[in-house]
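Side-chain atoms are counted along with the backbone in the values below, which use heavy atoms only and exclude waters and symmetry mates.
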Amino acid sequence: MRRFLLITFLLACATGIKAQEVETLVADTAPLVMESDVAVDNGTYEAPPSLSPSVAALAVPEFKPYEPPKAPDFNFIKSRTNPAVKPYRFLDDQTWVGIPLFISGLIAKGEKTAFRQDYNNPNTKIRLIKTNFHNEIDNYTQYVPLALTIGLKIAGVESRSDWPRFWASSAASAAIMAGLVNGIKYTASEMRPDGSTHNSWPSGHTATAFLAATILHKEYGLTRSPWYSVGAYTLATATGVMRVLNNRHWISDVLSGAGIGILSVELGYGLMDLLFKQRGLQRGDLSVYPDLRANPSFFAISMGIGLGNKNLTLPPFDFGIPSEILDGEEIDNSEPLQLKFRSATAVGVEGAYFFNPYIGVGGRLRVKATPINGWSKFALSEEDDMQQFFKDPLFNNSVQQISLTIESDHITEFAADAGVYFSFPFSSRFALGAKALIGRSVMDDIDINARYSGEQLKFNEESMFDDDAPIFKPAGEVVDYKWDYIDVKASNSMKFGTGVSLTYAHKNNFSWRVFCDYDYSRKTFTATYHPLGLMEGLSPDMVSFMEILDWDMTKPAVSSVKKSLHQWVLGGALCVSF
C-alpha cells in the first residue's frame, strides 16, 4: 500500500495534481485494485465526477467495456460477453422439474381406465372426450415461444445469451428432446386415441411447446421479467390441451411431453454452460430463489386424485307397454340402474395475481375423469340378450348382426372457476394458501350405441288367415341402422369450491405445491334407455302396428334423479411464481 501511495504521489507531482485530489484518487481507485468486480457494473465504468480529467484518465481500467446492443441485432454469429455476469454452474442451475412432470404422465398412463375405454371389450371405440372439436392451430402454437425469443433478440432486447451461445444451447436442447421423445415413442408403441398410429406417448407437439417455452423462460423470464415465463408456459399448456381435444393424445402423453421439453432445455443449457463458461453471457438471473413473501402470484399445472361420491342409483325404467301387448305377462322393471364410480384423475391449470403478499384474484380450469365399474360387462350382457331375443321365430332369421359400441365408459367433467386467493407466507420459501371459488361444471355423458344390420321386415298378410304363419316376413331390403342404446347425462350446474395448499419455493421461479380442494355442485342425472330402438329401422310395419295399441316403440324409457356431489381432489402442482 505504501508503494501504491508513493507512486500515486509521484504521478500527481508530475501532472500538477493538488494534494486533496491525490487523497480523492486513492479513495476512489483503491476498490478498483482490490475488487474490480465491484467497480464494473454490466461491463462499464464511470469515473467519479469530482476528479479532474487527468485523474479520471488514470482511474479508468484498461479493458474494452461491454456495450449492450441498442439497435436491431442481425449479427447472428458475433460473440458478445458481459464480464459482470457470473458464470452459471451446472448443478446450481438445474431445477429438475421436468422429471416429476414426466412421472405424472407415466402414472396417468398406468391409470388407463381413467381417461380411456376398456380395451377388453372388442366393441369399445377408442375415444377420450366425445367432442367434434378439431383445430390445427396446435401445429403452429408449439413454435411461438421460440419465435418470440428470436424476434426479441433480433430487436436488440438483451437476453441471457449472445447469438452463438443461444444457437448452441437451443440446438443441444432440441437434440436431447428429439432423442428422448422418439426413443420412447417407438419403444412404448402406445395407440393414439383416434386409433391412427402406435406412437402416442409422449406427445411430441407438447414436448416442442414446452421446450420453446423454457428457452424463452431461460433467456428472458429469468433475466428480465417473469411475465415472459407465464405467457410462454400458458401457451405451451394450451398446445397440450388442444392435442387432447383434437383426439390425438391422451392426457398422460401431454404430461410426459411437457416434462421432457423442460428437462431437455435444462440439460442442453447446462451442457453449453460447461462448454462456454462465461463467454457469451449477457445478463444474469434476477434472482435464484423466488420469494413467496414478495411474489406470491403464480401459474400452475396440477394433477391429483379425485375422491367423493362413489355410487349413483337411478329409478327403474318404465317403458309404458300396454297390458294388451303383454297379454297377462309381467315385465320386472324393479331393477334400478346402478353406477359405481372409481377414484377420478384430475388435471388442470390454475393461476392467480396477488395485489399484496396476502390476497389476490385468479381462476382454475380442470378436467376430471371418473371411470365407471362394470360398464363393459353391462354392454356385453345387453348385446348377448339382444342376440338371443332376435332368434325368436317372430323375426324369421332376418337379423344378421346386433352389436353395441361403448362411446364412453367414464364421466368427464370440465370445470372453470374464478374467485379470491389467499397466501399466508411464514418464510420466503414456504407459504400456506387458501381460496374461495365459484364456477361452472359441465359433464360429458356416458353412452352405448347400437347397430343392426339385416333384412327389413314387413307385415305378413297370410298370418291373418293362417295361425302358423309368422306375423312378419323379410321385405327383401337390407338395412344398416344405428341408434342410441343407453345414455346417461348430467346437467350443467354452478359449483362452489375451496381448498388449502402448501407451497415451497424451489429455484429459478419454480415452486412446488401440494393441495387439497373441495367442490360442491348439485346435478340432475338423466338416463335414456332404448333397447327396442332398432324397430324403427327393422320393421316400420311393426312400429305402426304397435301404435294402434297406443304404444310408441320409438320412444325410449327415461329415468332421472337429483344428486348433490361432494368432491375432493388431493394432488400436487408445478408453479411458476412471479
Would you say the side-chain atoms of [X] and [Y] include a donor-acceptor pair closer than 3.5 Å?
X	Y	value
S441	K523	yes
S161	E219	yes
E382	Y485	yes
K310	S343	yes
H530	D484	no
D487	Y529	no
W163	D73	yes
R192	N199	yes
W201	S252	no
T239	Q142	no

Any [X] side-chain heavy atom under 4.5 Å of [Y] side chain:
X	Y	value
V367	T412	yes
N246	D138	yes
I215	P145	no
Q94	K507	no
V500	L432	no
L339	I446	yes
N311	Q338	no
C575	W512	no

To the nearest 0.5 Å, what is the distance between [atom1] on [X] and [atom2] on [Y]?
X	Y	atom1	atom2	value
I372	F341	CD1	CZ	5.0 Å
Y504	R513	OH	CZ	15.0 Å
F276	Y269	CZ	OH	11.0 Å
L565	S493	CG	OG	7.5 Å
T503	F298	OG1	CZ	7.5 Å
S287	N508	OG	CG	8.0 Å

Practice prompt. Report yes or no: is the cationic atom of K153 (NZ for Lys, CZ for Arg) closer than 6.0 Å to the six-membered ring centre of F166, at no more than 45° off its axis?
Written response: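 Verdict for F166: a cation-pi partner in K153.
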
Can a donor-acceptor pair be found, under 3.5 Å and without considering hydrogens, that links the side chain of [X] to the backbone of [Y]?
X	Y	answer
W375	I406	no
D93	R89	no
S381	K377	no
S297	Y353	no
E413	A369	no
H205	G240	no
R165	R279	yes

Fill in: Test side-chain contact (heavy atoms from CB on, under 4.5 Å) applied to R243 and N139, step by step
CA-CA 9 Å; R243 297 302 289 169; N139 292 329; 4.0 Å; yes

Salt bridge or not between [X] and [Y]? Use side-chain N to carboxylate O under 4.0 Å.
X	Y	value
D273	R160	yes
D517	R364	yes
K86	D92	no
D253	R248	no
K435	E350	yes

Should we count [atom1] of [X] as having more than 12 external heavy atoms under 6.0 Å?
X	atom1	value
Y358	OH	no
I137	CD1	no
R451	CZ	no
K563	NZ	yes
Y140	OH	no
I305	CD1	no

Shortest non-hydrogen contact from [X] to [Y]?
X	Y	value
I260	P202	CD1-CG, 3.6 Å
Y233	T237	O-OG1, 2.7 Å
V488	L337	CG2-CD2, 4.2 Å
T524	S560	CG2-CB, 4.5 Å
L211	S264	CD1-CB, 4.3 Å
V265	S173	CA-OG, 3.4 Å

Worksheet entry | Aromatic ring pairing F76/W167, orientation class (parallel under 30°, perpendicular over 60°, tilted between) | perpendicular

Practice prompt. Decide side-chain hydrogen bond (donor to acceptor under 3.5 Å, both in side chains) for S564 and R522; before the verdict, give the C-alpha distance in whole Å, the side-chain angles of both, and the deciding distance to 0.1 Å.
Written response: CA-CA 4 Å; S564 296; R522 185 169 176 82; 2.7 Å; yes

Discussion item. Evaluate L286 against L222 for side-chain contact (heavy atoms from CB on, under 4.5 Å), listing each step before the verdict.
Written reply: CA-CA 6 Å; L286 297 174; L222 294 177; over 6 Å; no

Item to complete: Under the side-chain hydrogen bond (donor to acceptor under 3.5 Å, both in side chains) rule, what do K368 and Q567 come out as? Steps first, then yes or no, please.
Response: CA-CA 11 Å; K368 183 166 60 177; Q567 303 175 77; 2.4 Å; yes

Worksheet item: Can R283 and N82 be said to form a side-chain contact (heavy atoms from CB on, under 4.5 Å), step by step?
Response: CA-CA 7 Å; R283 295 181 71 91; N82 184 350; 5.9 Å; no

Practice prompt. Start with the C-alpha distance between D444 and F414, add both sets of side-chain angles, then the distance that settles side-chain contact (heavy atoms from CB on, under 4.5 Å), and finish with yes or no.
Written response: CA-CA 8 Å; D444 202 17; F414 305 87; 4.2 Å; yes

Worksheet item: Is there a salt bridge (Lys or Arg N to Asp or Glu O under 4.0 Å) between R366 and D417 once you walk through the steps?
Response: CA-CA 9 Å; R366 176 176 284 168; D417 308 271; over 6 Å; no

Worksheet, complete the sentence: Tested for ring-ring contact (aromatic ring centres under 6.0 Å, His included) against H217, the lone hit among F578, Y228, F510 is F510

